[in-house]
Every structure is written in C-alpha cells, then in structure tokens.
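All figures in this text were calculated on a predicted structure; none of them were measured in a lab.
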Amino acid sequence: MDIRLNGAQQRLPAGCSVLQLLAEAGLADRRVAVEVNGEIVPRSAHATRLLLDGDRVEIVHALGGG
C-alpha cells in the first residue's frame, strides 16, 4: 500500500500499524506526535491503529537542545 508520510510517498506492507511505521523509521522509542488524515493518534493507540492505502501521515518529533 502507499501512504504520504510527511508529504512524501511511502510504500508499506498491508496491515502496517503506526507503531510498525515508527519502528521502520527508527522512531519507535522516541517521543513523537503522529497525525493520520488530520487526526492525532494517541501513543496508546499506535500499536492498534492500522494504516490504509492513501492515508496521509505526519510525524513530528521533539529535538533536545537549547
């Protein structure tokens, strides 16, 4: 299936969850905000929220520093 991840086309296996996407992107252990089709996905739902063909996903992660 194909999704838009932060504006870029991304191909994923069918049945991929938000958590699997984060793991693939190397962000599974980071504090991130995930939005799918304009709706925030709570961290507690990352493992169960499945992505669908054509979904628009935005991932924002905080960077430390000062």
### Task
Look at the side chain of Q20 and the backbone N and O of S17, then say whether any donor-acceptor pair between them is shorter than 3.5 Å.
yes
#### Entry: D55 side chain vs I3 backbone, donor-acceptor pair below 3.5 Å
no
## Note on the structure
Residue pairs passing the salt bridge (Lys or Arg N to Asp or Glu O under 4.0 Å) test with at least one member in residues 8-19, sequence neighbours excluded, are D2-R11
### Message
With a 6.0 Å cut-off (strictly less than), is the heavy-atom count around CG of D53, excluding the residue itself, greater than 12?
### Response
yes
### H46 and L22, any side-chain heavy atoms less than 4.5 Å apart
yes
### Query
Just by modelled atom types, is the I59 backbone N or O under 3.5 Å from a matching donor or acceptor in the N6 side chain?
yes
### Task
Taking the side chain as every heavy atom from C-beta outward, state whether E24 and Q10 have any atom pair closer than 4.5 Å.
yes
### Task
State yes or no: do L19 and L21 share one hydrophobic cluster built from I, L, V, M, F, W and Y residues joined by side-chain heavy-atom distances below 4.5 Å, directly or via other members?
no
### Message
To check you understand the geometry: which heavy-atom pair defines the closest contact between R49 and V36, and what is its length?
### Response
NH2-CG1, 3.1 Å
### Message
What I'd like to find out is whether the side chain of V57 reaches to under 4.5 Å of the side chain of N37, using heavy atoms alone.
### Response
no
### Message
Counting only heavy atoms from other residues, nucleotides and ligands, does the tally under 6.0 Å from CD of Q9 exceed 12?
### Response
yes
### Message
Give me the atom names and distance for the closest heavy-atom approach of V32 to R43.
### Response
N-NH1, 4.5 Å
### Task
Measure the spacing between CG of L5 and CG of L51 and express it to the nearest 0.5 Å.
9.5 Å
#### Entry: Any donor-acceptor N/O pair, H61 side chain to L27 backbone, under 3.5 Å
no
